[in-house]
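The next block holds one structure in the form of C-alpha cells; read it before the comments.
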2 protein chains.
Amino acid sequence: MRADAQRNAEKLRTAAAELFHERGLQAPLKEIARRAGVSHGTLYNLFGTREALIDEVVTDLAAARLGEVAEQALAHEDAWGGFAYYIETLCELQATDPAISDVVAGRYPDAERLMAVCERSHTAAARIIERAQQAGTLRPDFTHEDLLFIFGTNALVARAAKDTAPDAWRRGVAFMLDGLRSEAAHPLPTGPLTSRQLYQVMGNLTGTP
Amino acid sequence: MRADAQRNAEKLRTAAAELFHERGLQAPLKEIARRAGVSHGTLYNLFGTREALIDEVVTDLAAARLGEVAEQALAHEDAWGGFAYYIETLCELQATDPAISDVVAGRYPDAERLMAVCERSHTAAARIIERAQQAGTLRPDFTHEDLLFIFGTNALVARAAKDTAPDAWRRGVAFMLDGLRSEAAHPLPTGPLTSRQLYQVMGNLTGTP
DNA sequence: ATTCAACTTGACCCTGGGGTCAAGTTTCGT
DNA sequence: ACGAAACTTGACCCCAGGGTCAAGTTGAAT
C-alpha cells in the first residue's frame with residue numbers, strides 16, 4: 001500500500017470513528033469521506049464496504065468496552081447486583097455512544113472481527129444471567145434473547161431521547177429491571193424468541209440490512 | 001366539488017386506509033395514489049398533505065378502537081386488571097394495526113380531529129392509571145408519560161417483529177407489567193419526562209417530522 | 001351544444017442515500 | 001529523472017421519496 005493511501009485510510013478511519021460515535025453506524029459514507037477531506041470514491045477504494053470500515057474502526061473499542069462491563073458485572077459479589085449492573089451499564093453505554101449502541105443492537109455479519117467480539121460478549125452475558133438465576137434473584141424464565149431484545153429497544157430509546165432527555169432510558173430500564181426479579185414474576189404469555197428470530201427482529205428494529 | 005373528484009377522493013381514501021393499515025402512516029403517498037388508480041398529483045390536489053389524508057381516513061377508526069379499549073379497561077372491577085388490560089390490549093392493537101400503532105405513538109399536530117381523539121384517549125388513560133394507583137396495585141411513581149413511552153417503544157417492537165414473531169411484543173410487555181406492580185417497585189433513578197419532552201422524544205422515536 | 005371552471009395527468013424538480021469508473025495525479029523503484 | 005503502477009477524483013448512475021405545475025380533459029350550467 002502506497003504511503004498516500006495509508007494516510008488517507010488513516011484519515012478515513014479517524015473521521016469514521018468520529019461520525020460513528022456521534023451518529024451511529026449508519027452515518028452516510030459520503031459524509032465520512034467529506035470529513036476526512038477525501039473523495040468518497042477513495043473510501044470505496046480503500047474499504048469497499050461499510051461493514052469493512054466498521055470492522056476496522058469500531059471493533060477494538062467495542063471489545064474493550066463490552067469486555068470491561070462484563071468483567072465488572074461478574075466481579076460483583078451479589079449475582080443480582082452484577083446482572084443489574086450489566087444491564088444498566090450497557091444501556092448507559094448505548095446512550096452515550098451510538099456506535100457501541102449499534103454494535104450491541106445491530107447486525108453486521110460481514111464484519112468478522114466484530115462478530116467474534118459479539119460472540120464473546122454473548123457468552124459473558126449468558127454467564128451473568130445464569131449466575132443470577134442460580135442465585136434465585138433473576139426470574140428463571142428470562143433468556144439471553146430477552147436480554148438482547150432489551151438492548152435492541154434501548155438503542156432506539158436512547159437515540160431518540162439523546163438531545164431532549166439524555167436520561168430518559170433509565171426509567172424504562174428501571175421498570176423493566178423491577179419486572180425481572182424473581183419476586184415480581186408472573187407467568188409469561190409467550191415463549192422466548194429463537195436466536196434465528198431474534199436475529200431477524202433485531203435487524204428490522206435497527207434497520208440493519 | 002365535482003362528481004369525478006368526489007369519486008377519486010373516495011378511491012384515495014379507500015386505498016389510503018388499506019395501505020395505512022398494512023404499512024403504517026408513513027406509507028408513500030405515491031403508492032397510495034397508484035393503488036387508487038389515480039395520479040399522485042390528484043392526491044395532492046384533493047388532500048394537500050399527508051396529515052389531512054390521515055385525519056380523514058384514520059380518525060374515526062382510531063376513535064372507535066381507542067374508546068372501546070379504554071371503556072372496557074374502566075369496566076374491569078379490578079383496577080389492576082383494568083390497567084393491565086388497557087396496556088395489553090392497546091399493545092395488541094398496535095401489533096395488528098400499524099395505522100393505529102402510529103396514532104398511539106406518533107405526532108400529527110396538523111390532523112386536528114385526530115389530535116382531539118388523542119386528547120380524549122389521554123384523559124381516559126390518566127383515569128385508568130389513577131384508579132390503579134389509588135387501589136394500591138400500580139406503583140405510585142408511574143406516570144402518564146411512562147405509559148405513552150411504553151406505547152412508543154411497543155410500536156417499534158411490534159412492527160419489527162410482525163413477520164417473524166408476531167407475539168414477540170407480549171414478552172416485553174409482560175416483563176414491564178411485572179415491574180409496574182407496587183410490590184415490585186424499587187426507587188427510580190430519574191424523574192418522569194415532561195409532556196413537552198415526551199412529545200419530542202416520541203417524534204424522534206417514530207420518525208414523525 | 002357550448003363553454004369554462006374544475007379537475008387530472010405525468011413529466012419534471014429536489015433531496016439524500018448508495019455505488020462505479022474513466023481520466024488525471026502521485027508515488028516509488030530503477 | 002523517468003515510467004509504470006497505484007491511487008484519487010468527481011462526474012456520473014441508480015433508487016425512492018416528497019412535491020409542483022403547464023397542458024390536457026371532463027363535468028355540468030346555461
Side-chain angles (χ1 to χ4, degrees), chain A residues 1-16 19-20 22-57 98-99 102 106-111 159 203-204 206-209, chain B residues 1-16 19-20 22-57 98-99 102 106-111 159 203-204 206-209:
Chain A
M1 191 180 228
R2 244 165 59 175
D4 54 345
Q6 200 87 48
R7 256 177 285 127
N8 284 337
E10 203 46 44
K11 283 193 274 182
L12 282 165
R13 274 187 217 105
T14 306
L19 256 154
F20 286 158
E22 293 167 17
R23 319 237 305 254
L25 302 183
Q26 311 78 33
L29 295 185
K30 283 184 180 174
E31 198 163 333
I32 292 174
R34 208 178 309 135
R35 183 172 299 200
V38 138
S39 157
H40 63 274
T42 299
L43 192 158
Y44 285 104
N45 286 340
L46 294 178
F47 296 95
T49 69
R50 164 176 247 107
E51 299 209 4
L53 182 56
I54 289 174
D55 210 15
E56 286 200 25
V57 152
D102 285 341
R107 286 191 317 190
Y108 304 91
D110 295 342
R159 177 163 313 184
N204 297 347
T206 56
T208 322
Chain B
M1 192 180 227
R2 246 168 55 178
D4 55 345
Q6 201 87 48
R7 257 178 285 126
N8 284 335
E10 202 44 45
K11 283 194 274 182
L12 282 164
R13 275 187 216 103
T14 306
L19 255 153
F20 286 158
E22 294 167 16
R23 320 238 303 253
L25 301 183
Q26 311 79 33
L29 295 184
K30 283 184 181 173
E31 198 163 332
I32 292 174
R34 207 177 311 135
R35 183 173 299 199
V38 140
S39 157
H40 64 273
T42 299
L43 192 159
Y44 284 104
N45 285 340
L46 295 178
F47 296 95
T49 69
R50 164 178 246 108
E51 299 209 4
L53 183 56
I54 289 174
D55 210 15
E56 287 202 25
V57 151
D102 285 342
R107 284 189 321 189
Y108 304 92
D110 295 341
R159 178 162 312 184
N204 297 346
T206 56
T208 322

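Letters A, B, ... are given to chains in the order of the sequence lines, protein chains preceding strands, and every chain is numbered from 1. Predicted, not measured: the structure shown is a model, and the values here were computed from it.
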Report the distance from atom [atom1] of [X] to atom [atom2] of [N], rounded to the nearest whole Å.
{"X": "B/Asp4", "N": "C/dA6", "atom1": "CG", "atom2": "P", "result": "13 Å"}
{"X": "B/Met1", "N": "D/dT26", "atom1": "CE", "atom2": "C1'", "result": "15 Å"}
{"X": "A/Phe47", "N": "D/dT8", "atom1": "CZ", "atom2": "P", "result": "10 Å"}
{"X": "B/Tyr44", "N": "C/dG10", "atom1": "OH", "atom2": "C1'", "result": "14 Å"}
{"X": "B/Arg7", "N": "D/dG27", "atom1": "CZ", "atom2": "P", "result": "7 Å"}
{"X": "A/Leu53", "N": "C/dG19", "atom1": "CG", "atom2": "P", "result": "12 Å"}
{"X": "B/Arg34", "N": "C/dT9", "atom1": "CZ", "atom2": "C1'", "result": "15 Å"}
{"X": "A/Glu31", "N": "C/dG18", "atom1": "CD", "atom2": "C1'", "result": "14 Å"}

[X] side-chain N/O to [Y] backbone N/O, donor-acceptor pair under 3.5 Å:
{"X": "A/Arg50", "Y": "A/Gln26", "value": "yes"}
{"X": "A/Thr42", "Y": "A/Val38", "value": "no"}
{"X": "A/Arg35", "Y": "A/Ala16", "value": "no"}

Does [X] place a side-chain N or O at less than 4.0 Å from the phosphate oxygens OP1/OP2 of [N]?
{"X": "B/Arg50", "N": "D/dG18", "value": "yes"}
{"X": "A/Asn8", "N": "D/dT8", "value": "yes"}
{"X": "A/Thr42", "N": "D/dT9", "value": "yes"}

- Charged N to carboxylate O under 4.0 angstrom, B/Asp102 versus B/Arg23? no
- Message: For A/Arg107, is there an ion pair with A/Glu51 - N to carboxylate O distance below 4.0 angstrom?
- Response: no
- Task: Using only heavy-atom distances, decide whether a donor-acceptor pair under 3.5 angstrom links the side-chain of A/Lys30 to the base of D/dG10.
- Result: no
- Message: Between D/dA16 and B/His40, counting only base atoms on the nucleotide and side-chain atoms on the residue, is there a donor-acceptor pair under 3.5 Å?
- Response: no
- Query: Quick one: on DNA chain D, does A/Arg2 or A/Gly37 contact a more 5' nucleotide (nearest heavy atom)?
  - Reply: A/Arg2
- Message: Can you work out whether A/Ser39 or B/Ala3 has the more 5'-proximal nearest nucleotide on DNA chain D?
- Response: A/Ser39
- Judged by nearest nucleotide, the residue sitting upstream toward the 5' end of DNA chain C, A/Gly41 or B/Leu43, is B/Leu43
- Task: Measure from the side chain of A/Ala5, starting at C-beta and using heavy atoms only, and say which of C/dT8, D/dT8, D/dG18 lies closest.
- Result: D/dT8
- Query: How would you label the contact of A/Asn45 with the nucleic acid (heavy atoms, under 4.0 Å): base, sugar-phosphate, or nothing?
  - Reply: base
